[in-house]
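Worksheet: one structure, shown below.
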Amino acid sequence: MGTEEITITGTTEGRYAEVLTPEAIAFVVALDREFGARRVQLLDRRRRRRTTRTDDLDFLPSTAHIRDDASWTVAAPAPDLLDRRVEITGPPERKMTVNALNSGAKVWMADFEDATSPTWENVVLGQLNLKDALDGRLDFTTPEGKEYRVNGWIPTIMVRPRGWHLPESHLRIGGRPVSASLFDFGLYMFHCAQRQLERGSGPYFYLPKLESHLEARLWNDVFRFAQETLGIERGTIRATVLIETITAAFEMDEILYELREHSAGLNAGRWDYLFSMIKNRPDVVLPERSQVTMTTPFMRAYTELLVRTCHRRNAHAIGGMAAVVPSRDPVAAKRALNQVRQDKRREVGDGFDGSWVAHPGLVDTCREVFDQWLGEEPHQIVRKRDDVRVTATELLDVRALGVQVSEVALRTNVSVALRYIAAWLGGRGAVALGGLMEDAATAEICRTQLWQWIHSATPTDYGVPVSAALVGRMLREELDVLSETGALDEDAARRFGQARTLLTVLLSERTCPEFLTLPAYLRHLSSAAPTPEPTQATVAV
Ligand SMILES: CC(=O)SCCNC(=O)CCNC(=O)[C@H](O)C(C)(C)COP(=O)(O)OP(=O)(O)OC[C@H]1O[C@@H](n2cnc3c(N)ncnc32)[C@H](O)[C@@H]1OP(=O)(O)O
Ligand SMILES: O=CC(=O)O
Ligand SMILES: [Mg+2]
């Protein structure tokens with residue numbers, strides 16, 4: 001232990017060096033040495049659980065005592081996480097960081113997961129932007145002369161590290177890539193925890209894509225270790241876990257329990273949840289995205305259970321993303337605001353304490369809805385929702401949705417998956433397509449639906465079943481339209497070509513591939529030449 005060579009492949013020069021200091025790298029390496037093996041075991045457990053399951057999912061008998069025990073609660077909220085009525089999310093790209101900090105939201109979630117394409121540049125400079133924001137050094141002027149300045153008050157910052165499934169291949173210990181979660185978490189803790197504490201806030205996190213309470217336990221142990229190593233009082237870190245996998249929905253109480261000394265509640269990560277549902281129930285074909293709304297019984301069961309579980313443990317329940325973005329066309333913009341308003345009204349009525357928006361233009365709408373309901377109260381945790389009773393059958397009830405796929409739906413999934421992957425390969429992890437916010441979670445839905453429709457030969461509304469050949473033809477047509485209209489320069493054409501190949505491979509697998517971001521990262525980003533030219537640095541730690 002401790003003698004393997006530490007290598008960084010990727011630029012470490014210029015302002016990168018302010019993030020990649022030997023001490024910061026040593027901290028990430030220490031985290032990975034301590035917890036890397038457990039992460040690998042848990043990923044293995046995920047695989048075994050998925051491939052060996054014969055019965056339907058259910059609440060765990062072994063943890064019934066935790067669910068039945070009414071006496072425990074999570075830690076009291078940190079003062080600046082008491083009122084979370086509107087949270088904006090987005091990648092910590094420099095301009096968007098300024099805009100998010102000026103958005104007027106209560107919380108900004110700086111996202112290294114669904115909204116970020118994990119190029120070396122994005123993940124390291126994202127950390128730099130966070131550090132600069134806390135040092136008051138974020139202001140800049142574009143070459144066109146537009147000034148970006150952070151106004152006085154800024155939202156509470158929460159950081160979402162990448163999920164347990166992803167490696168960070170640019171930092172290796174003895175040739176083995178470190179965990180991307182520990183890389184993102186470790187760099188932020190190292191550089192920003194103390195800075196946050198000095199301004200009266202703290203190191204706060206969102207934890208994505210957990211599949212079990214054992215993964216929450218791992219995070220809790222990571223938190224303890226980090227606090228102890230950095231000399232920060234135990235219980236300072238706060239973390240909100242996204243419930244966005246079907247297996248985690250059965251372990252909400254257990255996840256809160258594992259993290260209770262650091263917990264800041266749960267969030268309903270609806271898009272990944274839908275993705276997880278499609279992956280875990282390949283036999284049950286879901287209709288197109290727009291038809292599976294939050295009032296669909298199995299989605300409603302999940303959010304109702306989430307609110308009840310959180311409030312019973314004095315924890316915040318945070319709502320999800322209405323994935324529309326305001327358009328420049330006034331009619332479409334009004335429609336988008338109405339859609340967001342309706343979504344937030346449902347959430348606040350159900351008991352959520354706050355919710356997410358994807359765009360600064362939606363902050364006011366979300367706040368108005370919550371203001372109207374909450375008034376001066378910071379949250380509604382007193383509403384215990386004892387009326388809610390949700391069974392395993394209700395969580396899994398996707399039977400009633402038997403389908404026929406329309407040509408429009410099929411083409412939309414093809415187009416969104418292709419365009420999103422191409423954008424991601426070019427370094428953009430979130431894009432607006434057809435008035436909708438598309439990120440890794442929504443693109444995964446498109447991609448897994450295509451897989452599911454092909455593999456179950458789902459009937460279409462124009463008489464032929466969905467097949468690989470049909471999807472292949474649509475992919476070609478989509479690319480033809482793009483090149484005929486001159487939309488693709490040489491670089492974009494290359495990325496679209498890579499996206500098409502990747503998508504074709506993913507759709508032809510016999511079992512539905514776990515994630516698109518993992519093979520995409522390993523094929524295209526992990527050794528991609530960063531700008532400026534890569535250096536091979538060996539760091540002494
Ligand atoms: C399923 C989930 O996990 S949801 C959470 C993860 N996903 C996200 O966080 C997505 C966040 N949203 C975004 O990334 C963006 O809104 C996009 C990509 C969808 C659309 O962005 P754009 O195409 O730039 O939209 P638009 O042109 O309307 O933006 C107007 C301005 O608002 C800014 N802006 C838009 N969204 C955001 C945001 N979320 N945070 C900060 N600034 C934003 C833009 O940078 C732009 O700034 P400028 O006027 O200074 O140039
Ligand atoms: O992360 C959020 C989601 O909906 O997925
Ligand atoms: Mg998600």
Side-chain angles (χ1 to χ4, degrees), residues 86-105 107-117 122 126 129 133 138 140-142 144 146-150 154-155 157-163 165 206-211 240-245 248 266-277 289 294 299 302-303 306 318-329 332-333 336 340 343 355-363 366 416 419-420 423-424 427-446 515 517:
V86 49
E87 303 193 342
I88 188 166
T89 69
E93 182 265 333
R94 202 159 183 89
K95 180 180 82 170
M96 291 180 83
T97 298
V98 177
N99 287 338
L101 293 177
N102 289 338
S103 67
V107 170
W108 170 46
M109 186 196 73
D111 189 14
F112 288 96
E113 174 64 38
D114 290 336
T116 288
S117 159
N122 285 348
N129 294 336
L138 206 55
F140 68 99
T141 306
T142 64
E144 298 76 37
K146 185 166 178 187
E147 294 188 350
Y148 286 84
R149 304 270 173 270
V150 178
I154 64 167
I157 298 172
M158 300 183 79
V159 169
R160 177 159 75 170
R162 281 169 282 173
H165 57 296
Y206 255 105
L207 304 177
K209 296 183 173 61
L210 266 60
E211 294 198 8
T240 300
V241 172
L242 286 128
I243 299 299
E244 52 182 357
T245 64
L266 303 177
N267 171 296
R270 62 173 75 161
W271 300 107
D272 267 312
Y273 191 73
L274 208 44
F275 160 48
S276 166
M277 192 62 109
R289 223 181 350 160
M294 294 310 292
M299 292 301 274
Y302 140 72
T303 54
L306 190 146
I318 306 296
M321 185 64 84
V324 288
V325 284
S327 146
R328 284 184 179 78
D329 164 38
V340 172
D343 188 59
S355 191
W356 276 12
V357 294
H359 191 286
L362 302 172
V363 168
C366 180
V416 170
R419 286 166 192 255
Y420 178 79
W424 191 93
R428 294 202 62 189
V431 281
L433 296 175
L436 296 181
M437 182 281 300
E438 302 291 355
D439 67 5
T442 60
E444 287 283 25
I445 294 173
C446 297
F515 294 102
T517 48

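Positions are given from 1 along the sequence. We count ligands from 1, going down the list as the structure has it; atoms in each ligand are counted the same way.
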If you count the atoms of ligand 1 from 1 in the order shown, which ones are under 4.0 Å from a heavy atom of Met321? 4 (S), 5 (C)

Among protein atoms, how many N/O/S atoms lie less than 2.8 Å from the Mg ion (ligand 3)? 3

Does Thr240 reach the main-chain N or O of Leu266 with its side chain, forming a donor-acceptor pair under 3.5 Å? no

Would you say the side-chain atoms of Arg94 pair up with the backbone N or O of Asn129, donor to acceptor, closer than 3.5 Å? no

Looking only at protein heavy atoms, which one is nearest to atom 48 (P) of ligand 1, and how far off is it? Tyr148 OH, 3.5 Å

Atoms of ligand 1, numbered as shown, that sit under 4.0 Å from any heavy atom of Gly90: 9 (O), 11 (C)

Quick one: CG on Leu274 to CE on Met294, what's the gap to the nearest 0.5 Å? 8.5 Å

Less than 4.0 Å from some atom of ligand 2, heavy atoms are found in residues Asp114, Arg160, Leu242, Glu244, Gly269, Arg270, Trp271, Asp272, Trp356, Ala441

Side chain to side chain contact (heavy atoms under 4.5 Å, CB included) between Asn102 and Tyr148, intermediate numbers included: CA-CA 10 Å; Asn102 289 338; Tyr148 286 84; over 6 Å; no

So, for Val340 and Ala322, which heavy atoms are closest and what is the spacing to 0.1 Å? CG2-CB, 4.1 Å

For ligand 1, which is the ligand I care about here, please tell me if Ala432 has any N or O atom under 3.5 Å from one of the ligand's N or O atoms. no

Val107 backbone acceptor or donor facing Glu87 side chain under 3.5 Å: no

Does the side chain of Arg160 reach to within under 4.5 Å of the side chain of Leu242, using non-hydrogen atoms? yes

Around atom 12 (N) of ligand 1, find the nearest protein heavy atom and jot down its residue, atom name and distance. Ala358 O, 2.8 Å

Within less than 4.0 angstrom of ligand 1, does Glu87 place any heavy atom? no

Heavy-atom proximity to atom 43 (C) of ligand 1 ranks first, among Ser327, Pro360, Ala440, for Pro360

Can you name the closest pair of heavy atoms from Thr245 and Glu211 and give their distance? OG1-CA, 3.7 Å

Please verify whether a non-hydrogen atom of Trp108 lies at under 4.0 Å from ligand 1. no

Nearest non-hydrogen partners of Ser327 and Ala333, listed with the distance: O-CB, 3.3 Å

If you round to the nearest 0.5 Å, how far is CD1 of Ile88 from CH2 of Trp356? 12.0 Å

Assess Lys146 for proximity to ligand 1: is some non-hydrogen atom of it under 4.0 Å away? yes

A side-chain contact here means heavy atoms from C-beta on lying under 4.5 Å apart; do Thr442 and Arg270 qualify? no

Using heavy-atom distances, let me know which of Asp439, Leu242, Leu433, Thr142 sits nearest atom 2 (C) of ligand 1. Asp439

Option with minimal heavy-atom separation from atom 27 (O) of ligand 1, where the choices are His359, Arg328, Arg270: Arg328

For Asn267 and Gly319, indicate whether the former's side chain and the latter's backbone hold a donor-acceptor pair under 3.5 Å. yes

Starting from atom 51 (O) of ligand 1, which protein heavy atom do you reach first, and at what distance in Å? Lys95 NZ, 2.8 Å

Heavy atoms of Trp271 and Met321 approach each other most closely as NE1-O, 2.9 Å

Starting from atom 22 (P) of ligand 1, which protein heavy atom do you reach first, and at what distance in Å? Arg428 NH2, 4.9 Å

Polar-atom distance check: Trp356 versus ligand 1, any N or O pair below 3.5 Å? no

So which protein heavy atom does atom 3 (O) of ligand 1 come closest to, and at what separation? Asp114 OD2, 2.8 Å

Using modelled atom types and a 3.5 Å cut-off, is there a donor and acceptor pairing between side-chain atoms of Trp424 and backbone atoms of Thr517? no

For atom 41 (C) of ligand 1, what's the nearest protein heavy-atom neighbour? Residue, atom name and distance, please. Met96 O, 3.2 Å

Nearest heavy-atom approach of Ala443 to Glu438 is N-OE1, 4.5 Å

Interatomic distance, CG@Leu306 vs OH@Tyr273, rounded to 0.5 Å, equals 9.5 Å

Looking only at protein heavy atoms, which one is nearest to atom 18 (C) of ligand 1, and how far off is it? Ala430 O, 3.3 Å

Going by the closest heavy atom to atom 47 (O) of ligand 1, which one wins out of Val324, Asn99, Thr89? Asn99

What closest approach, in Å, do Asp114 and Tyr420 show between heavy atoms, and which atom pair accounts for it? O-OH, 3.6 Å

Ligand 1 contact on Arg160 by region, counting heavy-atom pairs under 4.0 Å: side chain

Main-chain N/O of Pro360 paired with Ser103 side-chain donor or acceptor, under 3.5 Å: no

How far is atom 19 (C) of ligand 1 from the closest protein heavy atom, and which atom is that? Met437 CG, 3.7 Å

Using a 4.0 Å heavy-atom threshold (strictly under), name the region of Thr442 that reaches ligand 1: side chain, backbone, both or neither. neither

Side-chain donor or acceptor of Glu244 paired with backbone N/O of Lys209 under 3.5 Å: yes

